[in-house]
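So the structure is just underneath, and the comments pick up after that.
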Amino acid sequence: MDDDTGTGTRTLDEFWASENPIFARKELLDIDYIPEEERIIGRDTEIERVASSIHPAVEGDSPRNTLIYGKTGTGKSLVAKHVTQSASEFARNNGTGMGTAYIDCTQSSTETRAVITIARELNDPEKTGITIPVTGLSTDEYYHRLWSILDALYDVVIIILDEIDKLQGSEILMQLSRAGEAGKVNECSVGIIAISNKISFKETLDERILSSLQDREFVFPPYDANQLRNIMYNREDAFKEGVLTEDVIPLSAAIAAQEHGDARKALDILRNAGEIARDQQMEIVTKNHVEDARKRADIDRFAQLLDGQPTQTKVCVYALTLLTEQSSDDEFSTREIHEVYSKIAAELGIDSLSQRRMSDRLNEQVFLDILGRTDRVGRGRGKGVTHLYYLLEDPDVIKSVLADDSRFNNFSDYLVT
DNA sequence: AATCCACAGGAAGTCTCGGTTA
DNA sequence: TAACCGAGACTTCCTGTGGATT
């Protein structure tokens, strides 16, 4: 860089005008991009199973409710969307009025928000004359309007509730799964595809909901390195011809396979590698770019998770980070973490929480995938099990994220002994 | 075999805050 | 304006547990 435009010897105008030398169809690397069927790799049996469980719907009969489990990036949403989309096209051609709604429960996390989203997705004010205000009505009224819409427009609807474990309360599941039986809707049957990345989600549901939701249950296994490689080769034309050096995709696949076979991560790494190469004005993407991209992806993901978390939470994470760094172990009991945590809190001049409370916080963080936890039986002589917490990221990554919070700057490491 | 230990997580009480009612 | 209410965050106390210790 020999001038301060940051674009080498080019002027800004040239920079704007310059053609993107790396990407051809970047949208292919978007995780939400629904590929044509032959581009969905290694999920054949899953597609078949989901399809068979909603099959009755294309003829207007009641589809079976379906529960899908699997870690992030195992193609749950992709398969669900793909199958419903294809089903509704088929149904339309056969004269069945089929509607589908997709709800991301991280966005609509309360019962009311979710109902509103469903109603708005399915509504066609031209035909029903029903309006769904974004806010202002009681939850009951929203349900009421939703039932009217269903009766007026559809023979059958499939509702996909993605990341359902993020939904507060399960009232809505109850309502939806019982809609037909309770006589709320007469003309239309309702099918639910619930997607969760926590197997333990089921335990939080009460019996009645479970029984109506438990018709079909699938677990999506993680992708293996081979499948990840194929997924990426299939989206290779996101890049211009000859841009990727040959070890880029195998390396990205290997990295993602280590991290629980997460296809989202694999694609993120690939895209980031491309962006980094472009920023460096390279014409090709190399192994080094992939390595850089991996680091950047880790930092971004973690920053996003930790951002907005209260300081207390950050201190907990920081305590665990210091412990991990300065010890040969990588798992620590609540008590060990609390000791370090208290010292840090004192150093920062903030109140320190009781061990009881901190343990709740740690568990919240496990739920949010900020930390990991194993339950050890025996030896720790706890209540049969002892919780051991561990970091899900490299300590360096976490430190660099926390360093954004000025309170954690120039913080010395002498605390752990 | 009896007792001890130390931990997870439930129960119940306190505090604080924002909003509402008399 | 005072009194009240409910939710949520937190604390303290407590119980159940099962390997470790005696």
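Side-chain atoms of A:Thr100 never come within 3.5 Å of backbone atoms of A:Met98 as a donor-acceptor pair (strictly under, hydrogens ignored). With hydrogens and angles ignored, the 3.5 Å screen pairs no side-chain donor or acceptor of A:Ser327 with any backbone N or O of A:Thr324.
The side chain of A:Asn363 contributes no N or O atom lying less than 4.0 Å from OP1 or OP2 of B:dA8. A:Thr386 has no side-chain polar atom (N or O) that falls below the 4.0 Å cut-off from OP1 or OP2 of B:dA8.
When the options A:Leu251, A:Asp224, A:Ile249 are evaluated for a side-chain contact (heavy atoms from CB on, under 4.5 Å) with A:Arg229, the one that passes is A:Ile249.
Here the C1' atom of nucleotide C:dT17 and the CG atom of A:Asp375 are 14 Å apart, to the nearest Å. With rounding to whole Å, A:Glu336 atom CD is found 13 Å from B:dA6 atom P. Spacing between atom CD of A:Glu339 and atom P of B:dA6 amounts to 12 Å, rounded to whole angstrom units.
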If a protein heavy atom is under 4.0 Å from the base, mark B; if only from the sugar-phosphate, S; if neither, -; do that for nucleotides 6-13 of chain C going 5' to 3'.
----SBB-
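The cationic group of A:Arg113 does not satisfy the cation-pi geometry with A:Tyr142, failing either the under 6.0 Å distance to the six-membered ring centre or the 45° limit from the ring axis.
A:Ser333 comes within 4.0 angstrom of nothing in the nucleic acid, heavy atoms only.
Looking at A:Gln355 and A:Ser342, their side chains never come closer than 4.5 Å, going by heavy atoms from C-beta outward.
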Which pairs of donor and acceptor atoms, one on a side chain in residues 367-374 of chain A, lie under 3.5 Å apart (sequence neighbours left out)?
residue	atom	partner	partner atom	Å
A:Arg373	NE	A:Asp375	OD1	3.0
A:Arg373	NH1	A:Asn363	OD1	2.7
A:Arg373	NH2	A:Asp375	OD2	3.4
A:Thr374	OG1	A:Glu331	OE2	2.9

